[in-house]
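Start at 1 and go down the list; that is how both ligands and their atoms are numbered. Here the structure is a predicted model, which means the values were calculated and not measured.
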Amino acid sequence: MSKILVTGGTGYIGSHTVVELHNAGYTPVIIDNLSNSSLKILDQIEKIIGVKPEFHQFDLCEETLVTNFVKNNPDITGIIHFAASKAVGESVEKPLKYYRNNFFSLINILQAYNDKKINFVFSSSCTVYGEPDQLPVTESAPVKKATSPYGNTKQIAEEILEESANAYGNYNVIALRYFNPVGAHESALIGELPLGVPQNLLPFITQTAIGKREKLTVFGGDYDTPDGSCIRDYIHVVDLAKAHVAAIKLLEKGNPNGNYDVFNVGTGNGYSVLEAITAFENESGRKLNYTIGPRRGGDIIKVWGDVTKSTQQLGWTAQLGIDQMMSSAWAWEKYLQEQPIA
Ligand code: UD1
């Protein structure tokens, strides 16, 4: 079966996608510089799928290394490109790190494939919609000015990919706009490994419940939403991983929409922060220590996706609900307590 290159394949979404590619009969090949992940993830993946995926450790910002890799691996037919810096707050403090890492890597890969047909799946984000005018938000909603360098790299990367796909004809691209990825593999052998204090809601919830953090602050309780807290479309990481496999399959078949396309990847359902906490408490059987605090600057009030296009044209729909998201995230946190993965 075809070889698919997964950049950032030891990361959170990357590792789950490696597993789902293998399950679908593909041979995943990983490139990762391990800047935000661990070599131990390869052993964890092996425990799930029975084989250790082929792994190459280098930085995709190094043009010669990328060119040589592509030259030496002519049998790769598709790329799923996760490798990128992704912390919104850090991107505001260190914009050049974000523009360098996220663009150099993308451009180096595209250039290395400039004379070959290649299927390319890009990790984009619902952050491109900003605060949407209409909900659920569809793929044709306007892209709003990014509020962080991280968000800007996603918007500009989409443009780079669309322009390159239109200009050169050899790149067949799908950008997946993720909503909020959460949860972990059902084996609890892989999951999210946040560096330092988690900025995202779910790892903060599970670390609080296990006692690593004293309490969770709900950022804002006075928004114009039914319970006053922000609303998001949380998507189970295993469903999200499967969306990448569906995207590769559509590209292999030939996407009738042309050589550049975008899809929302969410469940289509919005949950408030307080609803997410209740769902976690129900699944874990633990009461969470939390308080309602001030709003966090830059937060979107409410966003959830219209998934009609993904359902009809990508042939993919999320299967797992908020209960499985919470129980798997909790099982993973408990696993990490027993066997820390540094
Ligand atoms: C953020 C990024 C988004 C990125 C995504 C990756 C912003 C504006 N957006 O989304 O671009 O793709 O992470 O996962 O930063 N919350 C709390 N307390 C906490 C942590 C979070 O109440 O300690 C709330 C937030 O206010 C928000 C919700 O939980 O309402 C989800 O937050 P988070 O997990 O950080 O994701 P987003 O901000 O939606």
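- Grouping Ile, Leu, Val, Met, Phe, Trp and Tyr by side-chain contacts under 4.5 Å, direct or through others, puts W304 with L135, I231.
- Across N180, I292, T208, heavy-atom proximity to atom 10 (O) of ligand 1 is greatest for N180.
- At least one heavy atom of G298 lies less than 4.0 angstrom from ligand 1.
- Between S229 and T225, the shortest heavy-atom contact is O-OG1, 2.7 Å.
- Interface of C230 with ligand 1, defined as ligand atoms under 4.0 Å from a residue heavy atom, comprises 30 (O).
- Here Y234 has side-chain heavy atoms under 4.0 Å from ligand 1, and that is the only part of it that gets that close.
- Below 30°, between 30° and 60°, or above 60°: for F122 and F120 the angle between ring planes is below 30°, a parallel geometry.
- Ligand-side atoms of ligand 1 in range of V218: 22 (O), range being under 4.0 angstrom from any heavy atom.
- Closest to atom 18 (N) of ligand 1 by heavy atom, among V197, T217, L201, V92, is T217.
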List, one per line, each side-chain donor-acceptor pair under 3.5 Å for residues 264-272, sequence neighbours excluded.
{"residue": "N264", "atom": "OD1", "partner": "Y129", "partner atom": "OH", "Å": "2.6"}
{"residue": "N264", "atom": "ND2", "partner": "V137", "partner atom": "O", "Å": "2.9"}
{"residue": "N264", "atom": "ND2", "partner": "D306", "partner atom": "O", "Å": "3.1"}
{"residue": "T267", "atom": "OG1", "partner": "D233", "partner atom": "OD1", "Å": "2.9"}
{"residue": "T267", "atom": "OG1", "partner": "N269", "partner atom": "N", "Å": "3.0"}
{"residue": "S272", "atom": "OG", "partner": "D227", "partner atom": "OD2", "Å": "2.5"}
{"residue": "S272", "atom": "OG", "partner": "L274", "partner atom": "N", "Å": "3.4"}
{"residue": "S272", "atom": "OG", "partner": "E275", "partner atom": "N", "Å": "2.9"}

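- For ligand 1, the atoms lying closer than 4.0 Å to a non-hydrogen atom of F219 are 16 (N), 17 (C), 18 (N), 19 (C), 20 (C), 21 (C), 22 (O), 23 (O), 26 (O).
- For ligand 1, the atoms sitting less than 4.0 Å from at least one non-hydrogen atom of D299 are 25 (C), 26 (O), 38 (O), numbered in the order shown with element in parentheses.
- Counting heavy atoms closer than 4.0 Å to ligand 1, residue I300 contributes nothing at all.
- Counting heavy atoms only, V88 comes closest to atom 3 (C) of ligand 1 of the residues L274, V88, I231.
- The ligand atoms of ligand 1 that sit less than 4.0 angstrom from a heavy atom of Q199 are 20 (C), 35 (O).
- Only side-chain heavy atoms of R232 come within less than 4.0 Å of ligand 1; its backbone N, CA, C and O stay farther off.
- Nearest to atom 1 (C) of ligand 1 by heavy-atom distance, out of I301, N200, T147, is N200.
- Here Y178 has no heavy atoms under 4.0 Å from ligand 1, in either its backbone or its side chain.
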